[in-house]
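Below is one structure, written out as structure tokens; comments come after it.
Keep in mind the model is a prediction, meaning the values are calculated, not measured. Letters go in sequence order (proteins before strands), and every chain restarts at 1. Computed over heavy atoms, backbone and side chain alike; hydrogens, waters and symmetry mates excluded.
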2 protein chains.
Amino acid sequence: MGRRADDGWTEEGLHVMPRKRPAPEPATGWLDEEQQRAWLAYIKVQLRLVYEMNRQLQADSRMSLADWDVLTALGASESASLTVTALAAQIGWERSRLSHHAKRMAGRGLVELATANSDRRATEVRLTAEGRVTLERAAPGHVELIKRLFFGGVPRELLDPLSTALESVYANLLAHGSLPPPDSLYADGAAVDAVRGAGDGAGAD
Amino acid sequence: MGRRADDGWTEEGLHVMPRKRPAPEPATGWLDEEQQRAWLAYIKVQLRLVYEMNRQLQADSRMSLADWDVLTALGASESASLTVTALAAQIGWERSRLSHHAKRMAGRGLVELATANSDRRATEVRLTAEGRVTLERAAPGHVELIKRLFFGGVPRELLDPLSTALESVYANLLAHGSLPPPDSLYADGAAVDAVRGAGDGAGAD
DNA sequence: GCGGATTACGTGACATGTCAAGCATAAGCC
DNA sequence: GGCTTATGCTTGACATGTCACGTAATCCGC
């Protein structure tokens, strides 16, 4: 990771509306003032937060946000083991990406790969003892970071409106997003998701 | 580009709180319910949105979100030309990343690179005619996407609370984030930012 | 103006992600 | 059983990003 954004960001360049046009909102035009304000705030938080999370994980636990997502999902499963497809769906990745990444993590001893007994085609990604320890050691710090950086700035009374707003945005995304599968993963009701949650059972210092 | 997340996401695995512990909130513990709700919503929107933006830009204009950020920032500058450092600061990248990326974009004719006259050390990244056309053609669709996917789901009355909440989060991020520069960019008050804005002067359909 | 910081970049090696194929096992079907 | 299809992954080539370092142009005191 690495990146950096000093202390402030100018609004200039983020222009989500024309620099000239005074139009009130052509329906199919630019973002109006209220929208632009929300959009800028959203984008800035997003970029900064990803940077911070990556950095903290890297510094404290020598792992990337990607590693965290994988370990977290595995740690959450009962058997601490999931097939590539299931795990990929869980964290929203493409299988090939996970295939590559899992192999690297296996190289570092965080997980191990083995052909499944039930289905010889399937590969099980299993959390190793070392992987679990790593995860449990990293969890507290990550949760702490989120509480500090994200929630430290949200007034209690805005928490509910924030959730509500984001939830509607998400619902809308699901309803109107495109999403033709990159592969042909995720059958009908496949449970996708489970991502970047903060923390996992155990751990804590 | 490429990824996919079917229709829904399970909450399972996102676990931002322990699976057992009943603790009310150990101060240095896990996220409480309200926080977890907001966090899950935030993460899900973030992942999905990035996926959608990348996809739309790729499909409609053969460009990545990264290309968009670069073109957008250049398009916003008066001279349609910025030095590598300035541009990197604008969009929040590391200079080396921009260096690599700009070279590729130059290969595709979207920008051109030239040593600055004023400072022989500096390299100017300039928007080419083709680059501008590409940007202006892509802008409407991108803005449209954001209005549809993001704002299509936000009830008007929640827009202000949403902005306020995100702005406080951002302010908090600036105040408590780490951020030791990856390089030693950004002198003191350097205006950093300007990112992924949607749209640019001109364009429109 | 000379020598040592500083600043602005470019590079090379390597980590990560994406895409298009390819391979093996499983399922269906007759 | 033997074929055709579907499923589950892995690979290889290549696009992108990150890091550590190297080089050239400026700036600063003296």
Side-chain angles (χ1 to χ4, degrees), chain A residues 1-4 47 50-51 54-55 57-59 62-70 82-89 91-108 113-125 180-188 190, chain B residues 1-4 47 50-51 54-55 57-59 62-70 82-89 91-108 113-125 180-188 190:
Chain A
M1 294 58 327
R3 204 161 305 170
R4 170 65 192 292
L47 288 174
V50 168
Y51 167 75
N54 252 310
R55 187 168 185 298
L57 283 172
Q58 190 67 54
R62 289 293 187 166
M63 73 168 74
S64 63
L65 195 47
D67 294 332
W68 169 264
D69 286 349
V70 170
L82 290 170
T83 64
V84 169
T85 294
L87 178 51
I91 58 184
W93 286 9
E94 289 179 32
R95 285 181 302 180
S96 88
R97 174 181 176 187
L98 177 55
S99 186
H100 281 307
H101 202 91
K103 189 189 292 180
R104 282 175 224 134
M105 290 180 72
R108 281 181 289 155
L113 307 175
T115 310
N117 293 321
S118 52
D119 186 334
R120 282 287 204 269
R121 292 171 300 180
T123 299
E124 298 261 328
V125 183
D183 236 348
S184 63
L185 315 192
Y186 315 97
D188 55 304
Chain B
M1 298 76 298
R3 204 163 304 169
R4 169 68 195 289
L47 289 173
V50 167
Y51 166 75
N54 252 312
R55 186 168 185 298
L57 283 172
Q58 191 67 54
R62 289 293 185 165
M63 72 167 74
S64 64
L65 196 47
D67 294 332
W68 169 263
D69 286 349
V70 171
L82 291 170
T83 65
V84 169
T85 294
L87 178 51
I91 58 184
W93 288 10
E94 291 179 34
R95 286 181 304 180
S96 86
R97 172 182 177 187
L98 178 55
S99 187
H100 281 307
H101 202 91
K103 190 190 291 181
R104 284 174 223 136
M105 290 180 73
R108 282 181 289 155
L113 307 175
T115 310
N117 294 320
S118 52
D119 188 334
R120 281 290 206 269
R121 291 172 301 180
T123 299
E124 299 260 329
V125 182
D183 236 348
S184 64
L185 313 193
Y186 316 95
D188 55 303

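In terms of phosphate contacts, A:Arg121 brings no side-chain nitrogen or oxygen within less than 4.0 Å of OP1 or OP2 of D:dG8. Contact between the side-chain N/O atoms of A:Ser99 and the OP1/OP2 oxygens of D:dT11 is not found at any separation under 4.0 Å. Residue A:Ser96 places none of its side-chain N or O atoms closer than 4.0 Å to OP1 or OP2 of C:dG17. Applying the 4.0 Å criterion to OP1 and OP2 of C:dC9, one finds that B:Lys103 has every side-chain N and O outside that range.
Summarising the geometry, the separation between NE2 on A:His101 and C1' on C:dA15 is reported as 10 Å, rounded to the nearest angstrom. Distance, B:Arg97 CZ to C:dG17 C1': 13 Å, rounded to whole Å. The CG atom of B:Asn54 sits 13 Å away from the P atom of C:dG17 (whole-angstrom rounding). The nearest whole Å value for the distance from the CG atom in A:Asn117 to the C1' atom in C:dT25 is 14 Å. Here the P atom of nucleotide D:dT11 and the CZ atom of A:Arg95 are 14 Å apart, to the nearest Å. As a whole-Å value, the separation of A:Leu98 CG from C:dT18 C1' is 14 Å. Residue A:Met63 contributes atom CE, which lies 12 Å from atom P of C:dT16 at whole-angstrom precision. Taking atom CZ of A:Arg108 as the reference point, atom C1' of C:dC14 lies 14 Å away to the nearest angstrom.
Checked against C:dG17, D:dC9, D:dA25, the side chain of A:Ala66 finds its nearest nucleotide in C:dG17. Taking only side-chain atoms of A:Arg104, from C-beta outward, the nucleotide of D:dG17, D:dG8, C:dT16 with the closest atom is C:dT16. Side-chain atoms of B:Arg120 lie closest to D:dA25 of the nucleotides D:dG8, D:dA25, D:dG17.
Counting only heavy atoms from C-beta outward, the side chains of B:Asn54 and B:Ser64 approach each other to under 4.5 Å.
Of all non-hydrogen atoms in A:Leu98 and A:Trp93, the two that sit nearest each other are CA-CE3, 3.9 Å. Here the closest heavy-atom approach between residue A:His101 and residue A:Val70 is recorded as CD2-CG2, 4.5 Å. The two residues B:Leu113 and B:Thr123 make their nearest non-hydrogen contact at CB-CG2, 4.1 Å.
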Side chain to side chain contact (heavy atoms under 4.5 Å, CB included) between A:Asp67 and A:Arg108, worked out: CA-CA 11 Å; A:Asp67 294 332; A:Arg108 281 181 289 155; 3.0 Å; yes
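Side-chain atoms of A:His100 and base atoms of D:dT11 include no donor and acceptor less than 3.5 Å apart.
Both A:Asp119 and B:Ala122 sit near DNA chain C, but only B:Ala122 has its closest nucleotide nearer the 5' end.
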